[in-house]
Amino acid sequence: MNIGISHLRAFVAVLDCGSFSLAAAELGISQSAVSHSVATLERSLGSPVFVRSSGVRLTVLGEQILVHARQVVGAYGAIRDVASRHGGQPSGTVRIAATPTACQGVLPHLLHRWQHEFPLVQVVVLEGDDAEVESWLGEGAVELAVLIDRPSDAGVLLTTDHFHALLGSDHPLADEAEIDIADLDDDSMIVSTSGCEEYVRKVYRLAHRSLRPGHRVRDMGTLLAMVRSGLGVSVVPGLTSAMLDHRLVMIPLRQYVSRDLTLTGPIGRPWHKAAQVLVESCRQVPSQPLPGQQGTRLTLTTSRGPARRTRTARSEAG
């Protein structure tokens, strides 16, 4: 009988999470890997452990091995904790919520660094809009969040993100070093509704003008496609540069508007120890200028929510 800890972890996770897809997100692996682990367990046992129907239900055999599987998985986790304390290495799973622009413009660099500095810490990214990110942190669905313009004494400022005009590369103003928002009066303004609109309105107020959106969209992919197709222009955070291709350009605006991105944990609750370590590691390393923050024209090539915990997800404006 060839039963490994990965097979038992997948079995317990599927039962606890209620589905193979959510178990995959919880374990930080693909759904096919979870299915393969469970199938291998069933082959080793010679009988199914789940009833293949709607929902997740145990077979008689599954019910009989459940207690023993939990004991093995629990013992494995305890051994890892002892080893990490002995070696002085933090461990555990840390879930981080962030907006799409932060997920693409900030987190990849951090995830890469954390992977090398803290190999025993598993980081799971959840993607949502501004309100969802704050809500998940407050409800305890995540251990850390990248919050927009929410200063935190316990957290760390990751970057200050400046807003830019977003134009098609064939737009008449695409070669300008800087433009005034008034220069776009003749264009249809496409506005994000997932956290960026208040900043776009600030840009217009600084110019003593009124914002009259031609289109209002939620999905960032839709917004980029509309600008790319010549249906209008937009005002977006500098971090959006990570999502652009050669058909789009970002140009600094004369009206200076920015937002602060802070990595922090919950207020009023103890922090996960590994989460504290991740935040402190950011405090020790000086922040680097991000694409779009140098005042130059850009021509770059480049989990939704607790129910869709994933390392890569569809992009939503914000």
Is the closest basic N to carboxylate O distance between Asp161 and Arg259 below 4.0 Å?
-> yes
Residues Arg247 and Asp170 bridged, charged N to O under 4.0 Å = no
Look only at the side chain of [X] and the backbone of [Y], and say whether a donor-acceptor pair between them is shorter than 3.5 Å.
{"X": "Gln255", "Y": "Leu206", "answer": "no"}
{"X": "Arg228", "Y": "Leu244", "answer": "no"}
{"X": "Ser229", "Y": "Met226", "answer": "no"}
{"X": "Asp16", "Y": "Ala13", "answer": "no"}
{"X": "Asp149", "Y": "Asp260", "answer": "yes"}
{"X": "Ser37", "Y": "Ala33", "answer": "yes"}
{"X": "Gln104", "Y": "Thr101", "answer": "no"}
{"X": "His164", "Y": "His162", "answer": "yes"}
{"X": "Glu127", "Y": "Ala98", "answer": "no"}
{"X": "Arg283", "Y": "Gly155", "answer": "yes"}

Side chains of [X] and [Y]: closer than 4.5 Å at any heavy-atom pair?
{"X": "Ile179", "Y": "Glu176", "answer": "yes"}
{"X": "Cys196", "Y": "Pro237", "answer": "yes"}
{"X": "Val56", "Y": "Val14", "answer": "yes"}
{"X": "Leu166", "Y": "Leu223", "answer": "yes"}
{"X": "Glu63", "Y": "Val49", "answer": "no"}
{"X": "Phe20", "Y": "Val38", "answer": "yes"}
{"X": "Val133", "Y": "Asp130", "answer": "no"}
{"X": "Leu184", "Y": "Leu173", "answer": "yes"}

Surrounding [atom1] of [X] (heavy atoms of other residues, nucleotides or ligands, distance under 6.0 Å), is the total greater than 12?
{"X": "Arg52", "atom1": "CZ", "result": "yes"}
{"X": "Arg57", "atom1": "CZ", "result": "no"}
{"X": "His112", "atom1": "NE2", "result": "no"}
{"X": "His36", "atom1": "NE2", "result": "no"}

Following the transitive rule for hydrophobic clusters with a side-chain heavy-atom cut-off under 4.5 Å over Ile, Leu, Val, Met, Phe, Trp and Tyr, establish whether Leu158 and Leu111 coincide in one cluster.
->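 Per the 4.5 Å side-chain linkage, Leu158 and Leu111 are co-clustered.
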Transitive ILVMFWY side-chain link Tyr76 to Ile65, under 4.5 Å = yes
Quick one about [Y] and [X] (side-chain donor to acceptor, distance below 3.5 Å, no hydrogens or angles considered), yes or no?
{"X": "Ser21", "Y": "Gln31", "value": "no"}
{"X": "Ser210", "Y": "Arg201", "value": "no"}
{"X": "Glu139", "Y": "Ser135", "value": "yes"}
{"X": "Thr40", "Y": "Arg43", "value": "yes"}
{"X": "Thr262", "Y": "Thr264", "value": "no"}

Using the side chain to side chain contact (heavy atoms under 4.5 Å, CB included) rule, take Ser188 and Val233 through it: C-alpha gap first, then chi angles, then the decisive distance, then the call.
-> CA-CA 6 Å; Ser188 177; Val233 299; over 6 Å; no
Phe50 ring center near Phe11 ring center (under 6.0 Å) |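 Centroid distance Phe50-Phe11: below 6.0 Å, so yes.
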Run the numbers on Met189 and Leu211 for side chain to side chain contact (heavy atoms under 4.5 Å, CB included), then give the verdict.
-> CA-CA 8 Å; Met189 180 58 61; Leu211 171 63; 3.9 Å; yes
Should Leu41 and Ile3 be marked as a side chain to side chain contact (heavy atoms under 4.5 Å, CB included) after you check the CA-CA gap, both sets of side-chain angles, and the distance that decides it?
-> CA-CA 6 Å; Leu41 174 64; Ile3 298 176; 3.8 Å; yes
Can you tell me how far the OG1 atom of Thr160 sits from the CG atom of Leu261, to the nearest 0.5 Å?
->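 Answer for the OG1-CG pair, Thr160 versus Leu261, is 8.5 Å.
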What are the two closest heavy atoms between Cys282 and Leu263, and how far apart are they?
-> SG-CD2, 3.9 Å
Step by step, would you call Val200 with Ile181 a side chain to side chain contact (heavy atoms under 4.5 Å, CB included)?
-> CA-CA 10 Å; Val200 179; Ile181 195 64; over 6 Å; no
